[in-house]
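Structure first, commentary second.
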Amino acid sequence: MSTVVAVDGPSGSGKSSVSREVARRLGLAYLDTGAMYRAATWWCLDQGVPLTDQAAVADAVRDLPLVVGVDPSTPTVVVDGRDVGVAIRTTEISSRVSAVATNLDARAELGRRQRAVIDAERTGGWSGGRGVVAEGRDITTVVAPDADVRVLLTASEEARLARRARELHGTDDAAAISATHDQVVRRDADDSTVVQFQVAADGVVTVDSSELDLEQTVDAVLDVVERARAARA
Ligand SMILES: Nc1ncnc2c1ncn2[C@@H]1O[C@H](COP(=O)(O)OP(=O)(O)OP(=O)(O)O)[C@@H](O)[C@H]1O
Ligand SMILES: Nc1ccn([C@H]2C[C@H](O)[C@@H](COP(=O)(O)O)O2)c(=O)n1
């Protein structure tokens, strides 16, 4: 029986690192939906589409030539034949991606593609139909509300800022925290105007990683999956 695991949460809560490792350990596919929003943003900029032009962004996203690879050991993001795995992680993309993420037509198109990937992995696909861990902001609520396991991965703002600062600047001193504010707090505030990922919806299990390290957080999510599987058996 295949398993679909949906993970949402704010920036820096650990969704990507934790979901990828959970997928790897369970032999499931891994879908990073934030990477799709980032790829769409990269494409708009590459094509000279002004991010302030909502209709033009929606058109560009509808035609986005995107292929995502869902092997958790080597997830890939390819746009128009170009590997953009590194390019979509730049500060410029991080600071501009909310313009695409708050475009409702772009959300509809990317959500449709995400559902197609999840359905393919549920029934066949990369891991032979064993399932998928899909993470983002609206997977538990909009994209896959019917997932077998739904998790909201949270952490305090303080913990999330410190993690991102260490990742980007190698330190979590005051200057690094200040430089990270836009990528975590401002971005979440903008994204929250169109999607709810701060509070767990009904039936969604909250895992708070504020006081956990990465390994402990992976174990906590694996525990939620195991309990859901046991309840299903
Ligand atoms: N429980 C944890 N304890 C300490 N560090 C963690 C923990 N979880 C993740 N990290 C680290 O925090 C950073 C952010 O994690 P990650 O990119 O997985 O977050 P995210 O929720 O996917 O963020 P975003 O939505 O902005 O992409 C990474 O450097 C990661 O290694
Ligand atoms: N399901 C999703 C996934 C992502 N987003 C938005 C929110 C972020 O600003 C952006 C990039 O995500 P990240 O790579 O930082 O997780 O994409 C969304 O709105 N819905």
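Note that the structure is a prediction, hence the values are computed from the model and not measured. Indexing begins at 1, ligand by ligand and atom by atom, following the structure's order.
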Applying a 4.0 Å heavy-atom criterion (strictly less than), which segment of Lys15 is in contact with ligand 1: side chain, backbone, both, or neither?
-> both

Could a heavy atom of Gly9 be found less than 4.0 Å from some atom of ligand 1?
-> no

To which of Ala6, Ala106, Gly34 does the heavy atom nearest atom 12 (O) of ligand 2 belong?
-> Gly34

Applying side-chain contact (heavy atoms from CB on, under 4.5 Å), run through Val218 and Arg25 and close with a yes or a no.
-> CA-CA 10 Å; Val218 169; Arg25 293 213 201 159; 3.8 Å; yes

Would you confirm whether Ser178, through its side chain, and Ala174, through its main-chain N or O, come within 3.5 Å as a donor-acceptor pair?
-> no

Hey, which atoms in ligand 2 end up nearer than 4.0 Å to a heavy atom of Thr33?
-> 1 (N), 2 (C), 3 (C)

Atoms of ligand 1, numbered as shown, that sit under 4.0 Å from any heavy atom of Arg187 = 26 (O)

Do ligand 1 and Leu212 have nitrogen or oxygen atoms that lie under 3.5 Å from each other?
-> yes

Can you tell me if CG on Asp202 sees more than 12 non-hydrogen neighbours from other groups inside 6.0 Å?
-> no

Does Leu212 offer a backbone N or O that forms a donor-acceptor pair with the side chain of Ser209 under 3.5 Å?
-> no

Kindly determine whether Arg164 and Asp172 satisfy salt bridge (Lys or Arg N to Asp or Glu O under 4.0 Å), including the steps that lead there.
-> CA-CA 8 Å; Arg164 191 61 90 207; Asp172 56 9; over 6 Å; no

Filtering Arg38, Arg163, Glu211 for the heavy atom nearest atom 2 (C) of ligand 1 leaves Arg163

For Val97, the atoms of ligand 2 under 4.0 Å from one of its heavy atoms are 9 (O), 10 (C)

heavy-atom search around atom 2 (C) of ligand 2 in the protein gives Arg137 N, 3.3 Å

for atom 17 (O) of ligand 2, nearest protein heavy atom and its distance come out as Tyr37 CB, 3.4 Å

Heavy-atom contacts under 4.0 Å between Asp138 and ligand 2: side chain, backbone, both, or neither?
-> both

Is Glu135 near ligand 1, meaning one of its heavy atoms is under 4.0 Å from it?
-> no

Looking only at atom types and distance, does a side-chain atom of Asp105 sit under 3.5 Å from a main-chain N or O of Ala58, one as donor and one as acceptor?
-> no

Asp32, any N or O under 3.5 Å of ligand 2 N or O = no

Atom 13 (C) of ligand 1: nearest protein contact (heavy atom, Å) = Glu167 OE1, 3.1 Å

Donor-acceptor contact present, side-chain Arg122 to main-chain Val4, <3.5 Å | no

Starting from atom 14 (O) of ligand 2, which protein heavy atom do you reach first, and at what distance in Å?
-> Arg38 NE, 2.7 Å

Could you tell me which atoms of ligand 2, counted from 1 in the order shown, lie closer than 4.0 angstrom to a heavy atom of Ala101?
-> 6 (C), 19 (O)

Against heavy atoms of Thr217, which atoms of ligand 1 measure under 4.0 Å?
-> 1 (N)

Measure from atom 19 (O) of ligand 1 to every heavy atom in Gly136, Ser209, Ala159, Gly14 and give the option owning the shortest one.
-> Gly14

Does Gln216 reach ligand 1, in the sense of a heavy atom lying below 4.0 Å from it?
-> no

Nearest non-hydrogen protein atom to atom 22 (O) of ligand 1, with distance, is Ser16 OG, 2.7 Å

Atom 15 (O) of ligand 2 has as its nearest protein heavy atom Arg187 NH1, 2.9 Å

Consider every N or O of Ser17 and every N or O of ligand 1, then say whether any pair is closer than 3.5 Å.
-> yes

Answer with yes or no whether Arg107 contacts ligand 2, where contact means a heavy atom under 4.0 Å from a ligand atom.
-> yes

Check Glu121, Arg232, Arg130 against Thr3 for a side chain to side chain donor-acceptor pair (under 3.5 Å) and give me the one that passes.
-> Arg232

Audit row: Glu167, Ser17, side-chain contact (heavy atoms from CB on, under 4.5 Å) steps and yes/no | CA-CA 12 Å; Glu167 179 185 315; Ser17 0; over 6 Å; no

Can you list the steps and then say if Val68 with Asp32 is a side-chain contact (heavy atoms from CB on, under 4.5 Å)?
-> CA-CA 9 Å; Val68 288; Asp32 176 352; over 6 Å; no

Would you please test Glu135 and Ser16 for side-chain hydrogen bond (donor to acceptor under 3.5 Å, both in side chains) and show each step?
-> CA-CA 7 Å; Glu135 53 99 356; Ser16 306; 3.1 Å; yes

Could you find the nearest protein heavy atom to atom 24 (P) of ligand 1 and give me its residue, atom name and distance?
-> Arg164 NH2, 3.0 Å

Would you say Ser13 has any N or O atom under 3.5 Å from an N or O of ligand 1, going by distance alone?
-> yes

Mark yes when over 12 heavy atoms from residues, nucleotides or ligands other than Glu158 sit less than 6.0 Å from its CD; otherwise mark no.
-> no

Close N or O approach (Lys15, ligand 2; < 3.5 Å) | no

What atoms of ligand 1 come within less than 4.0 Å of a heavy atom belonging to Asp213?
-> 1 (N), 2 (C), 3 (N)

Under 4.0 Å from a heavy atom of Pro10: give me the atoms of ligand 1 that qualify, with their elements.
-> 21 (O)

Take atom CD in Gln216; do more than 12 heavy atoms of anything else shown fall under 6.0 Å from it?
-> yes

Quick check: does any side chain N or O of Thr123 sit under 3.5 Å from a backbone N or O of Asp119, one acting as donor and the other as acceptor?
-> yes

Does some non-hydrogen atom of Ser94 fall short of 4.0 Å from ligand 1?
-> no

Main-chain N/O of Phe197 paired with Arg137 side-chain donor or acceptor, under 3.5 Å = no

Pull out every atom of ligand 2 sitting under 4.0 Å from any heavy atom of Asp191, numbered as shown with elements.
-> 7 (C), 8 (C), 9 (O)

Under 4.0 Å from one or more heavy atoms of Gly12, ligand 1 contributes atoms 19 (O), 20 (P), 21 (O), 23 (O), 24 (P), 26 (O)

Would you check the N or O atoms of Gln114, main chain and side chain alike, for any that come under 3.5 Å of an N or O of ligand 2?
-> no

Protein residue, atom and distance nearest to atom 8 (N) of ligand 1, heavy-atom basis = Leu214 CD1, 3.3 Å

Go through the steps to decide whether Leu31 and Ile118 satisfy the test side-chain contact (heavy atoms from CB on, under 4.5 Å), and finish with yes or no.
-> CA-CA 8 Å; Leu31 178 63; Ile118 292 167; 4.0 Å; yes

For ligand 1, note which part of Ala155 has a heavy atom under 4.0 Å away: side chain, backbone, both or neither.
-> neither

Cluster question for you: counting only ILVMFWY and a side-chain heavy-atom cut-off of under 4.5 Å, with indirect links fine, are Val221 and Val205 together?
-> yes

Same apolar cluster: Val195 and Leu152, side chain cutoff 4.5 Å | no

The single option from Thr41, Leu45, Val49 passing side chain to side chain contact (heavy atoms under 4.5 Å, CB included) against Val100 | Thr41

Which segment of Arg137 sits under 4.0 Å of ligand 1 when only heavy atoms are counted | side chain

Looking at Thr154, Asp188, Asp8, which hits side chain to side chain contact (heavy atoms under 4.5 Å, CB included) with Gln198?
-> Asp188

